[in-house]
Protein chains: 2
Amino acid sequence: MPRAGLNTEVLVGVALDLVDEKGLEALSLAALADRAGVAGPSLYKHMGSLASLRGLMALAVVRQLTAMCTTAVMGRSREDAVEALMRHYRAFAVEHPGRYALVPLNALQDPAVAAAGAELLAVFGAVLRAYGLEGSEATHAIRRMRATVHGFVVLETGGGFGLPEDVEASFDQVVTMVLRSLE
Amino acid sequence: MPRAGLNTEVLVGVALDLVDEKGLEALSLAALADRAGVAGPSLYKHMGSLASLRGLMALAVVRQLTAMCTTAVMGRSREDAVEALMRHYRAFAVEHPGRYALVPLNALQDPAVAAAGAELLAVFGAVLRAYGLEGSEATHAIRRMRATVHGFVVLETGGGFGLPEDVEASFDQVVTMVLRSLE
DNA sequence: GCATGAAAGCTACCCCGCATAGCTTTCAGG
DNA sequence: CCTGAAAGCTATGCGGGGTAGCTTTCATGC
């Protein structure tokens, strides 16, 4: 029985790949062990439980999303920045629906994920400074943006848009709606 | 062993009460049987599986939500109607977060729930007729409203609004944002 | 080179939750 | 009051998460 060379970091990566391919509900002990080339119980050498692994996965996802959003808004301001932020945020969620679905499930109870989430929200806040929004007004504006974008991608990735109308056009209008609320 | 007088309809009611009190994840065979005053396996005399029961529950919830939204918009038009629709929709989700969470999980795969969902969306569409919106434009407008309201209540009920800023004020601004997008 | 101990891996096992099988009991209708 | 459909029960199966405890690897120091 040669070593598989597994560790926590690699395991998180394997789990994220699995979730990307098969969906969040496919994240079972058996499926994960199979992919990692190891027997089920061996996974516990590298994680405390499936729940804690999901926490680590969520943390990684929030950091990926933060990095993507950060580079998206760099060198832009006002409408350009807000639109870039919203479009890249949506693109991440649509490309990796399984990964994205991990975040809301873990953001509240896991302090580490919550802290990483605060950094993501800081990107939202930074974009709003060009509008002179700070303090309470910035918080309300951030909530508008989050609710809108999150709601849209949740419905989109969940198959909630059944009609044949162009989803891109719908999102264009959503972006316009948010931009107008910032003036 | 006297009869408990259970049937499918009653069982759905018991399950909805359970979900209201203890949350969606508390909907287990044991908890449900305990509440219904019956042994676990006896539940299968009135349901096919927990999954199918969740479908029936989702159907009931969508109908409740549709009824609430329908009465909310009756006798109102334009801004009044849109605002009433959004506020009542949110109120339902906030008062019954467990119930509300059932819907997105079942709306896609269960055709009956999807049909009931179409009726709910018809209420959204009716409100928009006063704006002269029909066809594609109405679809896009409905999506804006759905994404915004659903996103807001998902974040709100999930504890996503950690800061102390007034959530009511945030929602007021969200309503204003949507109204402006309809002009 | 080889002894050694920490850590990776394994098999065997347990618990819990959903679900089925099949028997017993109720109770409405003839 | 007989009877059969349906409600209820206990016993059992099956699969998923998790633990116990042994075996094997392999980096380190002599």
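In the set D/dG8, D/dG18, C/dC18, the nucleotide with an atom closest to the side chain of A/L29 is D/dG18. Closest to the B/A39 side chain, of the nucleotides C/dG9, D/dC9, C/dA19, is D/dC9. Residue A/K45 places its side chain closer to C/dG9 than to any other of D/dG8, D/dA20, C/dG9. Closest to the side chain of A/S28, out of C/dG9, D/dA11, D/dG17, is D/dG17. Closest contact between the side chain of B/Y44 and the listed nucleotides D/dT19, D/dG8, C/dT20 involves C/dT20. The B/R3 side chain lies nearest to D/dA7 when the options are C/dC18, D/dA7, D/dG18.
Taking 4.0 Å as the cut-off between side-chain N and carboxylate O, A/D17 and A/K22 do not count as a salt-bridged pair. Between A/R78 and A/E183 there is no salt bridge, since no side-chain nitrogen of the basic residue lies less than 4.0 Å from a carboxylate oxygen of the acidic one.
Of all the heavy atoms in A/L11 and A/M47, the pair that sits closest is CD2-SD, 4.1 Å. When all heavy atoms of A/L18 and A/A26 are compared, the closest pair comes out as CD2-O, 3.8 Å.
Rounded to an integer number of Å, the gap from B/L11 CG to D/dG8 C1' is 14 Å. When rounded to the nearest whole Å, the span between CG of B/N7 and C1' of D/dG8 equals 15 Å. If you measure from atom CG of A/L53 to atom C1' of D/dG17, you get 13 Å, rounded to the nearest angstrom. For the pair A/L50 CG and D/dG18 C1', the computed distance is 9 Å after rounding to whole Å. A/M47 places its CE atom 14 Å from the P atom of C/dA8, with the value rounded to the nearest Å. Rounded to whole Å, atom C1' of D/dG17 lies 10 Å from atom CZ of A/R54. Taking atom CG of B/L43 as the reference point, atom C1' of D/dT10 lies 15 Å away to the nearest angstrom. The distance from atom CD of B/E25 to atom P of C/dG17 is 14 Å, rounded to the nearest whole Å.
In this model, the phosphate group of D/dC9 is approached by a side-chain N or O of B/S42 to a distance below 4.0 Å at OP1 or OP2. Here A/H46 does not reach the OP1 or OP2 of C/dA7: none of its side-chain N or O atoms lies under 4.0 Å away.
Across all strands, B/G40 comes closer than 4.0 Å to no nucleic acid atom at all (heavy-atom distances).
None of B/Y100, B/F124, B/Y89, B/F92 except one satisfies the ring pair (Phe, Tyr, Trp, His ring centres under 6.0 Å) rule with B/H150; the exception is B/Y100.
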